[in-house]
Amino acid sequence: MMKIQTKELGGQLILQVEGRLAGAFVPELESCWQAARASQPSRKISVDLKSVTCIDRAGRYLLQRMYRSGVSFQRAGLAVQDTLDQIVGQPECHH
């Protein structure tokens, strides 16, 4: 199960994703993202991953494509932070 909510904040579109970014749900996020890009190409888009519980290979690939096109990510939970760090190329942080 996955849910996507969109909200505007300071001229930026935020896609809030909840649940599993996996399997049949990946194309759902992709179509939301593509529709947002098509409607206002110059608007910044960010994805809130705070409530995502898991990401499969297809989800990870989509996030990589989104990142390369200028999408930013915010507030990932611990479950997906490692995946995000690998996508954005940040070194892992060990506490």
Side-chain angles (χ1 to χ4, degrees):
M1 166 90 191
M2 183 181 80
K3 187 167 104 177
I4 302 170
Q5 293 183 327
T6 58
K7 68 179 189 181
E8 289 273 351
L9 187 66
Q12 173 172 246
L13 180 71
I14 298 173
L15 302 175
Q16 287 184 302
V17 184
E18 295 177 35
R20 298 169 52 86
L21 181 51
F25 301 116
V26 175
E28 196 177 323
L29 176 58
E30 183 171 18
S31 66
C32 276
W33 169 52
Q34 297 290 5
R37 286 175 66 192
S39 68
Q40 290 184 287
S42 60
R43 178 171 53 180
K44 282 193 63 66
I45 299 173
S46 70
V47 181
D48 184 337
L49 298 166
K50 172 182 74 208
S51 301
V52 171
T53 55
C54 81
I55 300 174
D56 71 358
R57 184 176 293 174
R60 180 179 168 150
Y61 178 70
L62 174 60
L63 292 178
Q64 285 175 323
R65 286 183 39 223
M66 293 171 82
Y67 178 72
R68 287 190 196 118
S69 76
V71 171
S72 60
F73 302 114
Q74 50 183 233
R75 299 189 306 193
L78 289 176
V80 298
Q81 188 62 54
D82 281 351
T83 301
L84 262 194
D85 287 346
Q86 292 167 15
I87 289 169
V88 301
Q90 294 176 345
E92 291 182 33
C93 181
H94 298 285
H95 295 281

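All values derive from a computational prediction rather than experimental measurement. The first residue of the sequence shown is numbered 1, and numbering continues consecutively from there.
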- Quick one: CD on Glu8 to CG on Leu13, what's the gap to the nearest 0.5 Å? 5.5 Å
- Query: Is it the case that one hydrophobic cluster holds both Leu29 and Val88, taking links as side-chain heavy atoms less than 4.5 Å apart, direct or via other members?
  - Reply: yes
- Message: Counting only heavy atoms not in Arg20 (residues, nucleotides, ligands), do more than 12 fall under 6.0 Å from its CZ?
- Response: no
- Would you call Asp56 and Val26 a side-chain contact if the rule is heavy atoms closer than 4.5 Å? yes
- Message: So Trp33 and Arg37, do their side chains get closer than 4.5 Å, heavy atoms only?
- Response: yes
- From CA spacing to verdict: side-chain hydrogen bond (donor to acceptor under 3.5 Å, both in side chains), Gln86, Asp82: CA-CA 6 Å; Gln86 292 167 15; Asp82 281 351; 5.9 Å; no
- Query: Distance from Ser72 atom OG to Ile14 atom CD1, nearest 0.5 Å?
  - Reply: 8.5 Å
- Message: Within this structure, what is the OG1-CD distance for the pair Thr6 and Gln16, rounded to the nearest 0.5 Å?
- Response: 9.0 Å
- Item | Point-to-point distance, once rounded to the nearest 0.5 Å, from CD1 of Ile87 to CD1 of Ile55 | 6.0 Å
- Which atoms form the tightest heavy-atom contact between Ser39 and Arg43, and what is the distance? OG-NH2, 3.7 Å
- Taking the side chain as every heavy atom from C-beta outward, state whether Leu49 and Gln74 have any pair of such atoms under 4.5 Å apart. no
- Message: To the nearest 0.5 Å, what is the distance between CZ on Arg57 and CG on Leu62?
- Response: 15.0 Å
- Item | Interatomic distance, Leu15 atom CG to Ile45 atom CD1 [nearest 0.5 angstrom] | 6.5 Å
Donor-acceptor pairs under 3.5 angstrom involving side-chain atoms of residues 63-70: please list them, not counting sequence neighbours.
| residue | atom | partner | partner atom | Å |
| --- | --- | --- | --- | --- |
| Arg65 | NH1 | Glu30 | OE2 | 2.9 |
| Arg65 | NH2 | Glu30 | OE2 | 2.8 |
| Ser69 | OG | Met66 | O | 2.9 |

